[in-house]
Amino acid sequence: MNKTEIVTAFAPGRINLIGEHTDYNNGFVLPAAIKQKITFSVTPNTSESLGTITALDLGETISFDLNHLTPIPHSWSNYVLGLCHEIIKSGSKLTGFDCSFGGNIPIGAGLSSSAALLCSAATALDKCFNLNKSKEEWMYLTQKAEHHFVGTNCGLMDMFASLHGKENHLMLFDCQHITFQYVPFDLKNFHLILLNTQVSHQLASSEYNTRRKECEEVVSVIRNNDAVVSSLRDVSMDMLNENRKSLSDTIFKRAKYVIEENARVLEAVHNLEKGDIKSLGELLYETHYGLKNDYEVSCQELDFLVSFTENMPEVAGARMMGGGFGGCTLNLVEKDASTAFLSKMKEAYFNAFGIELPHYFVEPSDGATLLS
Ligand code: GLA
C-alpha cells in the first residue's frame, strides 16, 4: 500500500453471560462484544524494520525493531510487540510502521481491553500489509501473542468475542470444535448491568495459570486410569466421581466446577430461547458460588456485591465475571428498577470499601471492523 496511507480499525471489549474458565478446558462460553472499544491506526514508514507504538491515552511512545522483538517487562506494548512476533513467526512479512491506539474500555475491569488491543491491531495490520489472514487465524495468533509476550495462558474466548461480535447478539462458542452460533440477546424486561469493583488483585495472572494446570492435572490423572480423554470436556460427572480417590480435594473441586459450568451454559441458552429470565438468573448465582467455593477465583469485593443483590426482588441473578480476583460483577436487573438498584449498590459498596462503583449497561455490539 501507499507509504503515507493510514489504516484504522477498531475492536471491542467483551462481556461473558456465562461459561467462565471453561474456554481453556475446551468447553462452552456465551460472550458478546460490547460497545466500548479500542481504535488502532497504522501507517507504514520507509524503514525495513523500525517503528513506534503510541498509547494515546497514556501519552507514551515506545520504539521497536522487528528484527529484535522481545517482551518489555510489565509494558502495555507487549500486546503489539507480541503480535508482530507471531505474525513474523507465521511466515508473513512486516516492514517498519508507526502506530497509535486509544479507547474507552476501563483497564483492569475484566472487559478484555487486551483482546481489544490485539484484535484492533490485527485487523489494521492485516489490511496494511496485505496479510489476508482469516478471523480464525487471527484468533490463534492473538492468543499466542498473549501467551508468549504477556505471560497469561488465556483461552480463546476474549479474542473470539472481539473478532466475531454482532449487534444485539450473544455467541455460543464451542471451544472444542471451534464452532459458534449467534444467540439473540433478548432479556425481556431485564437488562444487564456491570458493576466495576475497581480492584484488580495481583494474584490474577499467576492464579489463572495455576487453575489451568490444575485442570490439566485432572485430565492426566483420569487418562492414567485408562480413560480416553483429552480435556475436561470429555469428562462426565460420573467419570470424575469414579476417579475421586486419585484426585486431591482441590483438583476434584476445580474439575467439578468446570463440568457443572459447561452444563449451565447450555441451560442458559435454553432459558434465553424460552424467555425464562428468572431461571437464567439462578444459573448466574450458581456460577458465582462455583467460582467462589470450588474454583476459588473470587474476592471479597465481588462476593460482597453478589450477595448484596440476593434479597433484591428486582435482581434475577448476579455473578463475578471474567478471570476473577477483581473486575466487574454482571447483574440481571429489572429495567424499571435499575436506577434504584444502582443507587443502593453504590452506597453499600462505598460504605463497605470506601470505593466508588462505576456501572455500565451492556449493549452487545459488532466485532472488529476496518474503518479505512
Ligand atoms: C480471562 C481469559 C479468558 C477466560 C476468562 C475466564 O478473561 O482471558 O480466556 O478464560 O478469563 O472465563
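Remember, it's 1-based here, ligands and their atoms both numbered in the order they're listed. This chain uses plain numbering: 1 for the first residue, then up along the sequence. Everything numeric in this text was worked out from a predicted model, so none of it was measured.
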Item to check | Derivation and outcome, salt bridge (Lys or Arg N to Asp or Glu O under 4.0 Å), residues K278 and E282 | outcome: CA-CA 6 Å; K278 288 275 172 215; E282 281 157 24; over 6 Å; no
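- When atom types are taken as modelled, the side chain of S113 and the backbone of I107 share no donor-acceptor pair closer than 3.5 angstrom.
- The nearest protein atom to atom 10 (O) of ligand 1, hydrogens excluded, is given as Y208 OH, 2.6 Å; this is a heavy-atom distance.
- Remark: side-chain polar atoms of N45 are paired, donor with acceptor, to backbone N or O of S47 under 3.5 angstrom.
- Looking at atom 9 (O) of ligand 1, its nearest protein heavy atom turns out to be D23 OD2, 2.5 Å.
- Looking at R319 and T329, their side chains never bring a donor and an acceptor atom within 3.5 Å of each other.
- Some N or O of D158 is nearer than 3.5 Å to an N or O of ligand 1, by distance alone.
- A donor atom on one side chain and an acceptor atom on the other are found under 3.5 Å apart for S246 and N225.
- Ranked by closest heavy atom to atom 5 (C) of ligand 1, the top entry among M157, M321, M159 is M157.
- Only the side chain of R14 comes within contact range of ligand 1, with a heavy atom under 4.0 Å; no backbone atom does.
- Atom numbering of ligand 1 starts at 1 in the shown order; those under 4.0 Å from a heavy atom of Y24 are 10 (O).
- Looking at ligand 1, you'll find an N or O of G155 within less than 3.5 Å of one of its N or O atoms.
- Between the S365 side chain and the K35 main chain, a donor and an acceptor come within less than 3.5 Å of each other.
- In terms of polar-atom proximity, defined here as any N/O pair under 3.5 Å, T22 makes no such contact with ligand 1.
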